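In this text, all values refer to a predicted model and were calculated from it rather than measured experimentally. Proteins come first, then strands; the chains are lettered A, B, ... in the order of their sequence lines, and each starts at number 1.
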Protein chains: 4
Amino acid sequence: MSTRAKPRSAEKKLAVDSVSRKPQQGRSKASLERMVAAAEKLMLERGSEDFTLQEVSQEGSVSIGSIYLRFESKENLVRAVIANHLKRMLQREAEMIERVKAQSHSLATVVPVYVENYAELLREEAPLLRQSMARAAFDPLVADPGRQSANRAAALGMEAMLEYRAEFGGSDHERKANAAYQIIFATLARQLSLGSTGESVHPQDWKELKIELGRMCLAYLKTDI
Amino acid sequence: MSTRAKPRSAEKKLAVDSVSRKPQQGRSKASLERMVAAAEKLMLERGSEDFTLQEVSQEGSVSIGSIYLRFESKENLVRAVIANHLKRMLQREAEMIERVKAQSHSLATVVPVYVENYAELLREEAPLLRQSMARAAFDPLVADPGRQSANRAAALGMEAMLEYRAEFGGSDHERKANAAYQIIFATLARQLSLGSTGESVHPQDWKELKIELGRMCLAYLKTDI
Amino acid sequence: MSTRAKPRSAEKKLAVDSVSRKPQQGRSKASLERMVAAAEKLMLERGSEDFTLQEVSQEGSVSIGSIYLRFESKENLVRAVIANHLKRMLQREAEMIERVKAQSHSLATVVPVYVENYAELLREEAPLLRQSMARAAFDPLVADPGRQSANRAAALGMEAMLEYRAEFGGSDHERKANAAYQIIFATLARQLSLGSTGESVHPQDWKELKIELGRMCLAYLKTDI
Amino acid sequence: MSTRAKPRSAEKKLAVDSVSRKPQQGRSKASLERMVAAAEKLMLERGSEDFTLQEVSQEGSVSIGSIYLRFESKENLVRAVIANHLKRMLQREAEMIERVKAQSHSLATVVPVYVENYAELLREEAPLLRQSMARAAFDPLVADPGRQSANRAAALGMEAMLEYRAEFGGSDHERKANAAYQIIFATLARQLSLGSTGESVHPQDWKELKIELGRMCLAYLKTDI
DNA sequence: TATGAATGAGTATTCATTCAT
DNA sequence: GATGAATGAATACTCATTCAT
C-alpha cells in the first residue's frame with residue numbers, strides 16, 4: 001500500500017459498516033468478522049500495515065475473493081480494523097471514567113486517579129492506536145472519525161474534572177478543563193510513543209512524570225489566573 | 001524498504017559521516033550534497049520515504065551508482081537526511097533559546113515566550129521531524145541519536161526556566177523544570193501531529209492552548225507542592 | 001543468481017513436485033508445464049542458466065507472477081527443469097538397456113553395443129546433463145538426486161554386463177563390472193564435454209576411442225587378474 | 001560477466017602475453033603479477049569467476065585503471081589466470097613423468113605408478129582446472145590452448161607407457177597407448193569432479209577404482225586384440 | 001455468492017567499464 | 001602512465017487487484 005492518500009468524499013463516519021461493502025447479516029457476517037480479526041492480529045504482530053491479503057486469507061480462513069466482496073480495497077480493510085478499535089476504545093474509556101468518578105471525592109483525588117487510569121488504558125491500546133494515528137496523518141477517512149473519538153474522550157475527561165468545578169479557580173472552567181485534558185493526553189501519548197521519538201522514557205521518569213503531571217493540572221485548575 | 005530494523009553495532013552517533021561510505025572532500029562532496037538534498041526534497045514532497053532512487057538520481061543529477069558509492073543502501077541515505085536534519089534542529093534550538101533568554105526577565109515572561117518560540121520552531125521543522133520520529137520507532141540507528149537530541153533540547157529548555165529558579169516553589173527545581181519541559185514538548189508535538197492523531201486542532205484552539213500551557217507551567221513551577 | 005548454495009533440509013528427492021509450490025492438477029498444470037518448458041528451451045539455447053524470468057514469461061506465455069506462484073525462486077525453476085531431465089534420462093536409460101540386452105548374446109557383443117548405445121544416449125542428453133552437473137557442484141538439492149540417478153544408471157549398466165558373468169575372469173565380478181561402468185561413463189562423459197576441457201576430440205578419434213574402450217573393458221572383464 | 005562467448009580472432013595461444021595488453025618489463029611487471037595473483041586467489045576462494053574487479057583492486061593493491069591498462073576486459077584477466085595455470089600444470093606434468101619413469105621398470109609397474117602420480121597431480125590442481133574446463137566450454141580462447149595442453153599431457157603419458165612397448169600386445173601400439181591415456185584421464189577427471197556430477201566417490205571406492213583402472217589398462221595393453 | 005489462480009507494474013542493488021584528473 | 005570516482009543498464013521478486021469458474 002504505497003499509495004498515500006486517495007481521499008474520497010466527505011464521509012464523516014468510520015465504522016465497519018461504512019468501509020465494508022454491504023451490511024452483513026447471519027452466516028456471512030461471521031466471515032466478515034474473521035477477516036477483520038485476522039487483519040487486526042497481523043497488524044498487532046507486525047506493528048504496521050505490512051501484511052499481505054494472502055496472509056489474511058490464510059489466517060482468517062477466508063478467500064481473497066471474499067475480502068474483495070466485503071471491502072473495496074486493502075485500505076478499507078485496514079480502516080475497518082481501525083474503526084473497530086476506535087469503537088472499543090470509546091467503550092473502555094466510558095467504563096474507565098465511571099471507575100475514576102467512583103474512586104474520587106475531590107479535585108485533588110480525581111486528577112491523579114484519572115491520569116493514572118487513562119495512562120493504563122492508553123498503554124494497553126497503544127499498539128493499534130499508534131497505527132490509527134499514523135494513518136490519520138494522511139488518510140482523512142481515519143482522521144475525521146479519529147478526531148470525533150478524541151473529542152468524546154476529551155468530553156469524558158473534562159466531565160470528570162468538572163464534577164469538582166467548585167474547586168476550580170478562575171472563571172472559564174470549561175476552557176481550563178479542556179486545556180488540562182489536552183495536556184494530559186498529549187503527555188501520556190508521547191510517553192507511549194504514540195507517534196513520538198520513541199525515546200520511551202525510563203519507567204522511573206515515567207512514574208515521576210505522571211505524578212508531576214497530576215500536580216501541574218491540579219495547580220493549574222485551582223489557580224485563579 | 002520492507003526490511004524493518006537491521007540494527008547494527010552499538011553506534012551512537014548518526015551523522016552523515018557515519019552512514020555515508022567515505023569521508024568526502026572537495027569536488028565529490030558536492031555530489032554527495034546533491035543526492036542528500038534531492039532525497040530530502042522528495043521526503044518533504046511525499047511526506048514519507050516513498051521515493052525512488054531513480055527519482056533521487058534525476059532530481060539530484062547523480063547517477064544511481066554514485067549513490068551506492070556513498071551509501072550502502074537507500075535506508076542509509078534516508079538516515080543521512082535525518083542526521084542532517086537533527087544537526088540543523090540542534091543549531092536552531094540553541095539560537096532560539098538565546099533569543100528567548102534575551103527577551104525574558106522573569107519566570108512569568110520566559111515560560112510563555114519559550115512556549116511560543118519553541119512551538120514556532122517545531123512547526124517549521126515538523127515535516128522532517130515527523131519522519132524522524134516514525135523511523136525511530138523501528139530503527140535504532142535513528143532512535144539512539146534522536147534520544148540524545150531530545151535530551152539536549154530538554155536541557156536547553158530547562159536551563160531557560162531555571163534561570164529564574166528563585167521564583168520556583170517547592171524544593172526539587174530540576175525535577176519541576178524537567179516535568180514542565182516534557183509536558184510542553186509533548187503538547188506542542190501533538191498539535192503539530194508529530195505522530196499524533198492528526199486532529200490538528202483549529203488554529204483558534206491552538207492559540208488558546210498555548211496560552212493555557214504557559215499558564216499551567218507557570219502555576220506549577222510557582223506552587224509549593 | 002549469485003547466491004551459491006542455500007542448502008536446505010536433508011531432502012533427497014528432486015522432482016518438480018518437491019521444488020514447485022503446489023501439486024498441480026488440471027488446467028493450471030498446463031501453465032506449469034509451459035513455464036518449465038520455456039525455461040528448458042532457454043537453458044538449451046543459452047547453454048546455461050543465464051536467462052531472464054522476463055524471457056520465460058514471454059516464451060511460455062505465463063505471467064511472472066504465475067512463475068512465483070509455482071516456484072519460490074528462479075533457482076527452483078531451474079531445479080525443476082533439471083529434475084524433469086533426470087527423470088527423462090532414467091526412463092531412456094532403462095529402455096536403452098533393454099535394447100542392448102536384446103541385441104547381445106555374449107560379453108563380446110554386449111560391451112561394445114552398450115558403449116555405443118550409452119554414448120549415443122549421453123550425446124543426445126549432454127546439453128542439459130552438462131548443466132545438471134555444473135549446478136550439482138554447488139547445489140546439494142541437485143547433487144543428491146543426481147547421485148542417485150548415477151547409481152541407478154550404474155546398476156543398469158552393470159546388470160547388462162553381469163548377464164554374461166560366466167565369461168568373466170577373476171572372482172569379484174561385481175567389482176569388475178562396477179569398475180568397467182565407471183570407466184565407460186567417465187570416458188564418454190569427457191568426450192561429450194560433460195564438464196570437460198571441451199577439447200571435443202575429432203569425430204575420427206572419438207569413433208576410434210569407443211572401439212578401444214570396448215576392447216579395454218572386454219580384456220579387463222575376461223582377464224583373471 | 002554474463003556475456004558468454006564473444007570469441008574473437010582465430011588466436012591459438014593463450015599466454016599472459018597474448019591476453020595482456022603489452023609486454024611488461026621491470027617495475028610495472030610486478031603490478032601485473034599482483035593483479036593476476038589476486039584474481040587467482042579470488043578464483044580459488046570463490047571456486048568461480050564470481051569476483052569483482054573492485055576486489056582484485058584491493059587484494060592486489062592495484063588500481064582498477066591499472067587493470068584495464070593491462071587487460072582489455074575482466075574476461076581477459078581471467079584468461080590470464082588460466083594461462084598461468086596451464087603453464088604451471090605443464091611444468092609439473094613433465095616433472096611428474098620423470099619421477100614415474102625413474103620408479104618404473106616394466107609395464108606392470110609404470111601403469112599403476114603413472115595412474116597414482118597423475119591422480120595426485122590432478123587432485124592438487126583441480127580447483128583451477130575445473131574452472132579452466134568450465135570456461136573452455138564456451139570460450140575458444142581457453143578451449144584452444146587447453147586442447148594443446150591436453151595433447152602434450154597425452155604425449156607425455158603415452159611416452160611413459162610406450163617405454164615398455166615391447167610388452168604391448170597387438171600391433172598399433174600408439175593407438176593403444178593413446179586410448180589408455182584418454183581413459184585414464186577421463187576417469188581421474190571425473191572422480192575429481194572436473195566438471196562432473198559431483199558425486200565425488202567415497203575415498204574407499206576411489207582407491208579401489210584406481211587399482212582397477214591400472215589393471216584394466218594393463219590387461220588392455222598386453223592383450224593381442 | 002464464493003473462490004483463488006493469474007496478472008504485471010514497480011524498484012533496490014550490482015558491477016564491468018570509462019575518463020577526467 | 002596511473003588513479004578511482006562516476007556511470008547506468010540489467011534483473012529477481014512482491015503483492016494488490018481482477019475475473020473465469
Side-chain angles (χ1 to χ4, degrees), chain A residues 1-3 22 27-28 31 50-58 62-77, chain B residues 1-3 21-22 24 26-29 31-32 35 50-58 61-75 77, chain C residues 1-3 21-22 24 26-29 31-32 35 50-58 61-75 77, chain D residues 1-3 22 27-28 31 50-58 62-77:
Chain A
M1 217 175 330
S2 58
T3 27
K22 21 196 106 173
R27 71 238 175 273
S28 69
S31 111
D50 270 337
F51 62 87
T52 301
L53 288 189
Q54 197 62 236
E55 293 169 320
V56 174
S57 165
Q58 291 171 337
V62 198
S63 73
I64 291 188
S66 286
I67 300 176
Y68 276 87
L69 230 45
R70 305 298 168 209
F71 297 97
E72 197 190 31
S73 62
K74 181 188 169 185
E75 221 167 4
N76 269 5
L77 172 57
Chain B
M1 222 178 319
S2 59
T3 25
R21 264 170 164 156
K22 28 192 104 171
Q24 290 307 319
R27 69 243 177 264
S28 70
K29 190 179 181 186
S31 109
L32 176 75
M35 60 184 84
D50 270 335
F51 62 86
T52 299
L53 287 190
Q54 198 60 233
E55 293 168 320
V56 175
S57 166
Q58 291 171 335
S61 308
V62 199
S63 74
I64 292 192
S66 285
I67 301 177
Y68 277 88
L69 218 53
R70 305 300 166 206
F71 298 98
E72 199 187 31
S73 60
K74 180 187 169 185
E75 218 167 6
L77 171 58
Chain C
M1 220 174 324
S2 58
T3 26
R21 263 170 165 155
K22 28 192 102 168
Q24 289 307 318
R27 65 232 179 274
S28 71
K29 189 182 180 184
S31 108
L32 177 74
M35 60 184 83
D50 270 336
F51 61 87
T52 299
L53 287 189
Q54 198 61 233
E55 293 169 320
V56 175
S57 167
Q58 291 171 336
S61 308
V62 199
S63 73
I64 292 191
S66 286
I67 300 176
Y68 278 88
L69 219 51
R70 305 302 166 205
F71 298 98
E72 200 187 30
S73 61
K74 180 188 168 185
E75 217 166 7
L77 172 56
Chain D
M1 220 177 330
S2 59
T3 28
K22 22 196 106 174
R27 71 238 175 271
S28 68
S31 111
D50 269 337
F51 62 86
T52 302
L53 286 190
Q54 195 62 234
E55 294 168 319
V56 174
S57 166
Q58 291 172 336
V62 198
S63 74
I64 292 189
S66 285
I67 301 177
Y68 275 87
L69 228 45
R70 304 298 169 206
F71 297 98
E72 198 188 29
S73 62
K74 181 189 170 186
E75 220 167 4
N76 269 5
L77 171 57

Q.
Looking at every heavy atom in both D:Ser28 and D:Arg70, which two are closest together, and how far apart are they?
A. CB-NH2, 3.4 Å
Q. Looking only at heavy atoms, what is the nearest atom pair of C:Met35 and C:Leu77, with distance?
A. O-CD1, 4.3 Å
Take atom [atom1] of [X] and atom [atom2] of [N], then tell me their distance rounded to the nearest Å.
| X | N | atom1 | atom2 | result |
| --- | --- | --- | --- | --- |
| D:Gln54 | E:dT17 | CD | P | 14 Å |
| B:Ile67 | F:dA5 | CD1 | P | 17 Å |
| D:Gln58 | F:dT3 | CD | C1' | 14 Å |
| A:Asp50 | F:dT14 | CG | P | 14 Å |
| A:Phe51 | F:dT14 | CZ | P | 18 Å |
| B:Phe71 | F:dA5 | CZ | C1' | 15 Å |
| C:Ile64 | F:dC15 | CD1 | C1' | 13 Å |
| D:Glu75 | E:dC15 | CD | C1' | 15 Å |

Q. Is there a side-chain contact between C:Phe71 and C:Leu53 (heavy atoms, below 4.5 Å)?
A. no
**Q.** Close side-chain approach of B:Val62 to B:Val56, heavy-atom, < 4.5 Å
**A.** no
With respect to the side chain of [X], which nucleotide from [options] is positioned closest?
| X | options | value |
| --- | --- | --- |
| C:Ser73 | F:dC13, F:dG8, E:dA2 | F:dC13 |
| D:Lys74 | E:dA16, F:dA9, F:dT3 | E:dA16 |
| A:Ser28 | E:dA2, E:dA5, F:dA2 | E:dA2 |
| A:Tyr68 | F:dA16, E:dA5, F:dA12 | F:dA16 |
| B:Ser63 | E:dG8, F:dT7, E:dT18 | F:dT7 |
| C:Leu69 | E:dA5, E:dA12, E:dG8 | E:dA5 |

Q) 5'-most contact on DNA chain E: B:Thr52 or D:Gly65, nearest heavy atom basis? A) B:Thr52
Check whether [X] reaches the backbone of [Y] with its side chain - one donor and one acceptor, N or O, closer than 3.5 Å.
| X | Y | answer |
| --- | --- | --- |
| B:Gln58 | B:Glu55 | no |
| A:Ser57 | A:Ser63 | no |
| D:Ser73 | D:Asn76 | yes |

Q. Once Watson-Crick and G-U wobble pairs under 3.5 Å are found, how is DNA chain F written in dot-bracket notation, 5' to 3', with | for any base paired to another strand?
A. .||||||||||||||||||||
(Q) Categorize A:Leu53 for me: base, sugar-phosphate, or nothing, with a 4.0 angstrom heavy-atom threshold over every strand shown. (A) base
Q) Counting any heavy atom closer than 4.0 Å, what does D:Ser66 reach on the DNA or RNA strands: base, sugar-phosphate only, or nothing? A) base
Q: Ignoring backbone atoms, establish whether D:Arg70 has a side-chain N or O less than 4.0 Å from OP1 or OP2 of F:dA2.
A: yes
Q: Mark yes or no: B:Lys74 above the aromatic ring of B:Tyr68, with NZ or CZ under 6.0 Å from the six-membered ring centre and no more than 45 degrees from the axis.
A: no
